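Numbers restart at 1 for each chain; the letters A, B, ... are given by sequence-line order, proteins then strands. Owing to the predicted nature of the structure, the values given are computational and were not obtained by experimental measurement.
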Amino acid sequence: LITVARLRRAVRRETIGVDVGGALNLVGALIKYLSAAALFPAAIALGYSEPVWPFLAAGGVAAAFGWGLERATKGKERIGAREGFLVVALTWLLAAAFGALPYVFSGEAQFDRPIDAYFEAMSGFTTTGASILTDIEGVNHSLLMWRQFTQWLGGMGIIVLALAVLPRLRVGGRQLMESEAPGPEIEQLTASIRATARRLYLFYVGLTVVEIVTLSVLGWTGVDDRMSFYEAVAHAFTTMPTGGFSTQAESIAAFGTASQWVIVVFMLLAGANFGLMYRALVRRNPRVLGRDEELRVYLGLLFVGSLLIGSELASEGLETGEAAVRHAAFQAVSIMTTTGYASVDFNEWLSVTSLPAMTLVALMFAGGCAASTGGAIKVVRHVLIAKALRRELDQAVHPEIVSPVRLNGAVVNERVLRGVISFTLLYVGIFVAGSLALVIDAARTDTQVTPYEAIAAAATTLGNVGPGFGFAGPFGSFEQFSDVSTGVMTALMWVGRLEIIPIVVLFTKNYWRA
Amino acid sequence: VKIFVVGAGQVGMTIVEALHGEHDCTVIDLDRGRLAAVSARFDVATFEGNGASRRALREAGVGDADLLIACTSRDEPNIVSSMFTKILSPRTKTIVRTTNVEYLEIWQERLLDVDFMVSSELETAHAISRITGVPAARQTDVFADGQVQMVEFDVEPGTAAEDNDVVGVPLRLAKIPANSKVASIIRGGRMILPRGSEAIAPGDRVVIIGSPAAAREWSSIMAHEKRVDDVVIVGAGQTGVAAARLLLEQGVRVRLVDSDADRARAVAEELPGARVFHASGADPDFLERERIGQARAAIFAMPDDAQNLYAATLAKVHGVHFTIAVAHDQVSADLFEQAGVDVAVNPRAVTAEEILRWTHDPRIRQLAMLEGDRYEVLDITVRETSDLVRKPFKELPMTGSLIGAIVRDGAAFFPHGDDQLEPGDRAIIFTESSRVPEVERAL
């Protein structure tokens with residue numbers, strides 16, 4: 001608010017260095033095009049003879065708003081690198097608002113608080129998967145599919161989608177995409193950023209289609225009776241973006257063993273580097289997989305996590321045999337890739353042992369690989385920080401040593417390294433502040449929130465994971481949180497999805513100065 | 001043979017010194033004083049002019065030259081000299097000296113119309129790595145794609161037979177490593193042919209021909225030292241980096257020191273295997289902190305001779321066993337060794353040697369210069385018509401030459417009295433320079 005006041009004064013004095021008009025113009029255009037997404041659930045609603053108008057109304061409102069914003073700022077279409085941060089931040093805020101409209105218009109009782117609808121939409125676009133719904137099966141097909149679809153749209157990024165489809169974004173595209181894409185640097189697959197965005201999106205679409213087909217086959221062949229075509233589409237839409245929303249209250253526990261294993265594999269793929277997979281699969285150069293350090297650490301962490309959880313489950317007698325392996329692997333993969341599905345209510349393990357839960361909380365901070373749809377800190381940043389720390393130790397003993405940090409043999413730019421370290425510090429700082437805010441608000445409103453639950457809720461929303469512990473567990477709901485806490489977690493999801501810097505930078509004085 | 005040498009600097013001088021006796025040499029240089037110095041010392045023609053000018057080359061008579069050696073200290077004029085010579089006379093062979101490894105790579109890809117190219121930096125690095133690979137060796141040369149090595153050792157005064165069963169024992173009784181031969185014993189500047197009754201004495205210099213494994217065995221016999229496995233290189237210029245790369249390839253631990261921050265950074269990025277320090281090799285605190293004294297060998301490859309000598313001496317004081325310093329000036333090279341540097345390497349001498357190797361009989365693939373110009377090693381393919389073919393060695397007359405190794409069907413072996421030469425064999429022969437034409441005729 002202070003910033004806004006200062007901003008207003010600065011605008012009056014014309015010392016502002018950011019072309020707000022240009023930024024708003026682009027945001028308006030993006031929202032206008034995004035409004036077309038409402039047609040998909042509208043079609044579903046027609047098919048199931050459910051009310052169509054909430055989607056058409058939401059799309060209409062968004063289109064009119066976007067068009068209006070674009071008109072109001074006409075003549076300022078050129079934006080530079082600096083405006084990119086503002087564009088990305090605002091686009092995601094407004095996209096979530098658009099996403100919330102169908103929930104509000106539907107009159108569904110569970111969305112009676114507007115902040116809850118906004119939370120649900122933000123959780124959708126940011127691919128978090130945390131939900132305020134307490135009775136998921138009570139919501140109709142089209143609204144549930146809209147919920148799944150927002151995750152699929154958000155997974156690869158709204159702006160990456162726009163970059164791939166809209167001709168207008170050609171200028172400043174790289175910077176925009178960098179602000180939105182996960183990981184410290186984007187690896188360009190082709191000379192033009194637009195072609196890169198297009199290829200990544202096609203690859204993403206391709207993997208989604210493969211998953212839909214695989215799951216449908218399980219349903220048709222009778223291997224998994226509950227996996228209908230609708231469910232296959234709904235769950236492929238939230239696996240590939242590492243989203244985690246499900247149409248079932250019991251998440252993936254509602255489906256059979258075979259479906260669970262298939263989903264483990266696709267979560268694993270969704271958390272891996274898309275650029276790397278593209279080169280390995282489409283360009284047929286699978287050797288790049290073996291040489292990638294991040295991938296090795298990613299798989300290694302998943303293996304160790306699954307092993308810890310599985311052996312504890314077996315030794316405590318909570319699960320046995322294949323079920324122990326499956327549930328350990330499923331939970332570890334789901335949480336580390338920041339998907340947020342559950343194949344079992346891991347909340348219940350807490351009454352017996354805290355080891356699996358603690359392992360899962362630790363994995364929430366690991367995240368997926370760079371250029372994946374996963375959230376949190378990302379494996380590559382952990383790898384780079386470990387290397388930078390090892391160098392610091394080396395330099396403590398050998399002050400004159402010159403040793404560049406390398407990743408996959410290539411020297412990592414010192415600026416990138418500094419960026420990685422600052423990002424991680426900010427991430428931890430915001431996580432701590434977020435947990436504190438939740439606990440303070442719980443004390444204010446007299447809600448029962450244990451420190452463990454507060455920590456898990458902050459980590460799960462900032463990392464775009466999904467489930468927490470306690471009442472917000474995998475089969476639970478975030479509905480019990482107060483309006484303020486819900487708002488805090490909505491902000492955490494937004495900040496976490498855009499990887500902090502593009503948003504935090506908006507709160508610095510030098511960003512706005514000429 | 002008509003030879004043109006462009007550039008009358010140190011390299012040119014060394015080349016002329018070696019070639020003027022048998023060949024018809026013309027030296028081209030822009031500097032009249034240098035030309036006067038060359039013609040005062042040797043019986044050669046001189047031409048004052050720019051070797052990179054077509055007119056000057058034509059006037060000097062390059063058109064009917066057999067060989068042009070462009071060995072000024074500047075790369076591009078050398079390449080241009082070669083290009084113009086090929087235009088004036090396509091049959092003329094050209095040799096170009098370069099300091100740029102990239103030009104060398106382009107030449108190796110056959111994209112430059114030059115018959116032979118030599119990089120001073122790379123040759124120096126090779127010389128250094130050879131010296132460190134076999135620490136006691138004064139000189140190592142490889143023949144037949146590395147299957148045959150010729151190594152020259154100084155037998156330390158005070159070495160006794162009790163230590164190794166080789167020194168002081170008649171050669172026919174001495175426990176000489178398998179697949180090797182003593183090619184020569186140099187005692188007091190005279191070469192002695194190693195007959196069975198002869199014994200190696202402390203203070204001698206011996207030349208060994210043998211397999212790489214045998215050369216290493218000799219090295220451990222002569223040196224009482226383990227193979228160098230930890231090397232410090234001071235000066236990360238082209239020579240230092242090239243030497244570091246060669247040593248790293250051999251599995252040696254390399255520490256590189258350079259006082260220039262940008263260069264240290266660039267080298268650290270280029271050589272992932274090396275430990276790079278941004279420091280001065282002349283800083284005693286640094287040497288102490290990094291325990292440089294514990295290194296088995298230190299190489300000094302800075303551009304300034306005086307700095308190299310100072311840093312090498314300091315390293316010796318800190319306890320480094322073996323120091324190798326680059327001496328850009330022949331005068332410094334002699335001074336270095338007197339001042340206690342173990343080996344001084346002169347890049348220009350190394351370059352001249354490499355160029356001279358190539359100028360010999362095309363059948364001779366390599367040749368090493370030992371003891372100045374007095375002894376040579378020849379690598380000759382035996383003709384069908386040779387008188388020496390198919391006669392056991394013990395029946396051949398003893399001359400000033402020795403067949404050290406024979407390469408037959410791609411494999412090397414080290415002949416004994418009962419073996420004989422076959423046509424098509426490659427013979428590695430150690431001989432006095434004066435006998436080279438005689439040996440070439442005989443085979």
*Scan for salt bridge (Lys or Arg N to Asp or Glu O under 4.0 Å) pairs involving residues 290-306 of chain A, sequence neighbours excluded, and state none if there are none.*
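Every pair satisfying salt bridge (Lys or Arg N to Asp or Glu O under 4.0 Å) with a residue in residues 290-306 of chain A: A:E293-A:K387.
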*Proximity of residues 277-285 of chain B to chain A, residues having a non-hydrogen atom under 4.5 angstrom*: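 Answer by number: B:F277, B:H278, B:A279.
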*What residues of residues 297-314 of chain B sit under 4.5 Å from chain A when you count only heavy atoms?*
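Within residues 297-314 of chain B, no residue comes under 4.5 Å from chain A.
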_Is B:R289 close to chain A through its backbone or its side chain, or both, or neither, when contacts mean heavy atoms under 4.5 Å?_
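Interface part for B:R289: side chain.
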*Residue part contacting chain A, namely of B:E269, when any heavy atom lies under 4.5 Å*: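 Both backbone and side chain.
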_Inter-chain contacts: residues 392-409 of chain A against chain B, heavy atoms under 4.5 Å_ =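 Residues in range: A:D394, A:V397, A:H398, A:P399, A:E400, A:I401, A:V402, A:P404, A:R406.
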